[in-house]
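Read the structure below first, then the notes.
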Amino acid sequence: DVPGWQVIPTGQHRRTYFEYNWIFYRAARRAWCTQGWDIYRVHAPTLAPLGLAMKRLSRRPLSGHYHHIEPDRRVTSLLTRLALPCYDTVTVLSQFTLGQLVQQYGLDPSRAVITPPGVGAHYQPQLPNEVLRRKYAVEGKICLLTIGVLTARKNLLFLLRVFAEARRQRHDLVLVI
């Protein structure tokens, strides 16, 4: 529970993410009619139509959020192009994504805020698991772990270049992908 926040459960889509515009619309309209809101945040380009409708209904600020830019997605690209000028602010996870929005869609960088993902304080480094270290033959090594989809937008080539440089200085480093 987060003070001042309310989660409104909704149904799930059956075929495509675009269905969420209709699923969320009913819940958002009901929330607006019963309690209102201060700002409406659109989590993905596929929800831009809903966000624009909620902005018009509520006359409240609309924020668009971008985790990343998907290459070669015509509908998502069109929605981004149409919605970006309507957002009062845009949040992105990285300088890289901001750069893409500026370069590909002409976003004014002064309208954007970079909000890197965070980790709660209760997530703390744990003691090394010696069973796993033996299993993967990394005993006595410093392990660097990366988790994610193997796509170009994750920039693994940069990670490999940095790792190679670090490895020249520390021979006990191991990269786990």
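Reckoned from all heavy atoms, side chains included, excluding hydrogens, waters and symmetry mates.
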* Structure fact -> Residue pairs passing the salt bridge (Lys or Arg N to Asp or Glu O under 4.0 Å) test with at least one member in residues 38-47, sequence neighbours excluded, are none
* Structure fact -> Contacts of D108 meeting salt bridge (Lys or Arg N to Asp or Glu O under 4.0 Å) (sequence neighbours excluded), chain-then-number -> none
* Structure fact -> Residue pairs meeting salt bridge (Lys or Arg N to Asp or Glu O under 4.0 Å), one or both in residues 93-107, sequence neighbours left out, come to none
* **Partner set under side chain to side chain contact (heavy atoms under 4.5 Å, CB included) for E130, not counting sequence neighbours** => P128, R133, R134
* **Residues which pass side chain to side chain contact (heavy atoms under 4.5 Å, CB included) with P61, listed by chain and number, not counting sequence neighbours** => I39, D88
List the atom pairs, with distances to 0.1 Å, where a side-chain N or O of residues 136-145 and a protein N or O form a donor-acceptor pair under 3.5 Å, not counting sequence neighbours.
none

* Asked: Looking at residues at least two apart in the chain, or sitting in another chain, which of them share a ring-ring contact (aromatic ring centres under 6.0 Å, His included) with F163?
  -> none
* Using side chain to side chain donor-acceptor pair (under 3.5 Å) as the criterion, list what pairs up with S63, not counting sequence neighbours. => none
* Asked: Residues in side chain to side chain contact (heavy atoms under 4.5 Å, CB included) with T80, at least two apart?
  -> P45, Y66, T76, L84, L101, Y105
* Residues forming a side chain to side chain contact (heavy atoms under 4.5 Å, CB included) with L78, sequence neighbours excluded -> L82
* To do: Report the residues that fulfil salt bridge (Lys or Arg N to Asp or Glu O under 4.0 Å) with R170, sequence neighbours left out, ordered by chain and then residue number.
  => D172
* Of all residues at least two apart in sequence or in a different chain, which pass the ring-ring contact (aromatic ring centres under 6.0 Å, His included) check with H68? -> none
